[in-house]
Amino acid sequence: MLQLFAMQVSGADFAEERWKPYLSQKRIEEAGRRRDGRDRQLFLGAEVLLNLALERCAPEVKRPAAYRRNAHGKPYLLPPDDGIFVNWSHSGDYVLLALADREVGVDIQLATVPPRDALVRRVLNAREQQVYDAVPEPRKKKVFYEFWALKESILKAQGTGFGAPLPEDRSLWPTRVLEFRDGDYAAAVCCRGGMEDAEIQYLA
């Protein structure tokens, strides 16, 4: 099972009554300590989207859902709901979320800023750099951020942190670039052991 959800959080007022069932008091308090308004919106929007998605896919889960994080920050639902694996990512105006029955990772990147050459050399391996170099200029940014999102989705699925190396055998961690409705974004998903077709469901 793989389900993908996205939500545009810019402009949403998460203090409204309708959002209360989808936000924990802890998340609200932590958000209040964040100074940047966009960062605060994304932070709150991630938990709202998690609980909206669970409401649709796993209505038996009590909301707002309780979860813990491992040493590298990956969230895991607490028992008895720990058979559902979750992961989310946010960038720009959007939050992206995956629910699955196995380890899963997602990543979304706002792909409007041209990457510097030094960053391209650091992120892409030799084969990927050849692909990147062959792409016509208008699409180069998107291709770079797609590669970036693919790599981060693997690391997030593994739950090992961004400083860890990518696995040598990627057949155990298949990935897929996602079609995102806003062309300014690149997104990807990784599921341990197998990949399923799943379209992003956009929630408001």
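In this text, all values refer to a predicted model and were calculated from it rather than measured experimentally.
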Side chain to side chain, Y94 and D182, heavy atoms closer than 4.5 Å: yes
Working for side chain to side chain contact (heavy atoms under 4.5 Å, CB included), residues D133 and Q129: CA-CA 6 Å; D133 289 340; Q129 179 124 16; 3.5 Å; yes
R121 side chain vs R116 backbone, donor-acceptor pair below 3.5 Å: no
Pairwise distance CG(L172) to SG(C190) - rounded to 0.5 angstrom: 10.0 Å
Closest non-hydrogen atom pair, S153 against A188: CB-O, 3.9 Å
R69 versus P75, closest heavy-atom pair with distance: NH1-CD, 3.9 Å
Ion pair check, E137 and K140, cut-off under 4.0 Å: no
Nearest atoms (heavy-atom pairs only) where A100 meets V104: CB-CB, 3.9 Å
Nearest non-hydrogen partners of L97 and A53, listed with the distance: CD2-CB, 3.3 Å
Gap separating the SG atom of C57 from the CE atom of M1, nearest 0.5 angstrom: 6.5 Å
Axial cation check for F43 ring with R27, 6.0 Å and 45° limits: yes
Exam field: side chain R34 to backbone R40, donor-acceptor pair closer than 3.5 Å: no
Identified side-chain contact (heavy atoms from CB on, under 4.5 Å) counterpart of E146 within the set R139, K141, Q109: R139
Any L50 side-chain heavy atom under 4.5 Å of W88 side chain: yes
Distance under 6.0 Å and angle within 45° of ring axis: R181 vs Y202: yes
Joint hydrophobic cluster, L203 plus Y22, side-chain heavy atoms closer than 4.5 Å: yes
Check: F85 and R192 side chains under 4.5 Å, non-hydrogen atoms: no
4.5 Å side-chain heavy-atom contact, F147 and V131: yes
CZ (R35) with more than 12 external heavy atoms under 6.0 Å: no
K156 side-chain N/O to K74 backbone N/O, donor-acceptor pair under 3.5 Å: no
Any side-chain donor near an acceptor of the partner, E47 and S24, under 3.5 Å: yes
hydrophobic_cluster_shared for L2 and V177, side chain cutoff 4.5 Å: no
Pair Q41-D39, side-chain donor/acceptor within less than 3.5 Å: no
Residues M7, Q201; criterion side chain to side chain contact (heavy atoms under 4.5 Å, CB included); working and verdict: CA-CA 9 Å; M7 181 179 182; Q201 302 173 60; over 6 Å; no
pair R56-L52: side-chain heavy atoms closer than 4.5 Å: no
Minimum heavy-atom distance between A186 and A149, given as atom pair plus value: O-CB, 4.3 Å
I200 side chain near L178 side chain, heavy-atom distance below 4.5 Å: yes
F14 vs L23 side-chain heavy atoms within contact, under 4.5 Å: yes
L49 with L4, same ILVMFWY side-chain cluster at under 4.5 Å: no
Spatial distance of atom OG (S89) from atom CG (D107) [nearest 0.5 Å]: 4.0 Å
Linked, directly or transitively: Y132 and V113 (ILVMFWY side chains, under 4.5 Å): yes
Whether F180 and Y185 hold their rings parallel, tilted or perpendicular, with breakpoints at 30° and 60°: tilted
Interatomic spacing from CD in E128 to CG in N125 - rounded to 0.5 Å: 3.5 Å
Point-to-point distance, once rounded to the nearest 0.5 Å, from CG of L110 to NE2 of H90: 13.5 Å
Test side-chain contact (heavy atoms from CB on, under 4.5 Å) applied to F5 and L54, V95, V106, L99, the passing residue: L99
Mutual orientation of the aromatic rings belonging to W148 and F144 [parallel < 30°, tilted 30-60°, perpendicular > 60°]: perpendicular
Hphob cluster co-occupancy, I28 + L42, side-chain heavy atoms under 4.5 angstrom: yes
Heavy-atom donor-acceptor pair, R176 side chain to E196 backbone, under 3.5 Å: yes
Minimum-distance pair of heavy atoms, taken over all atoms of P59 and E55: CB-O, 3.8 Å
Residues, nucleotides or ligands: over 12 heavy atoms within 6.0 Å of E29 CD: yes
Student check: side-chain heavy atoms of T175 and V189 closer than 4.5 Å: no
Enclosure of E199 CD (heavy-atom neighbours >12, cutoff 6.0 Å): no
Under-4.0 Å salt bridge between D184 and K142: no
Backbone of V48 reached by a side-chain donor or acceptor of W19 within 3.5 Å: no
E30 CD to L44 CG distance, which is reported to the nearest 0.5 Å: 10.0 Å
R68 atom CZ, neighbour heavy-atom count above 12 within 6.0 Å: yes
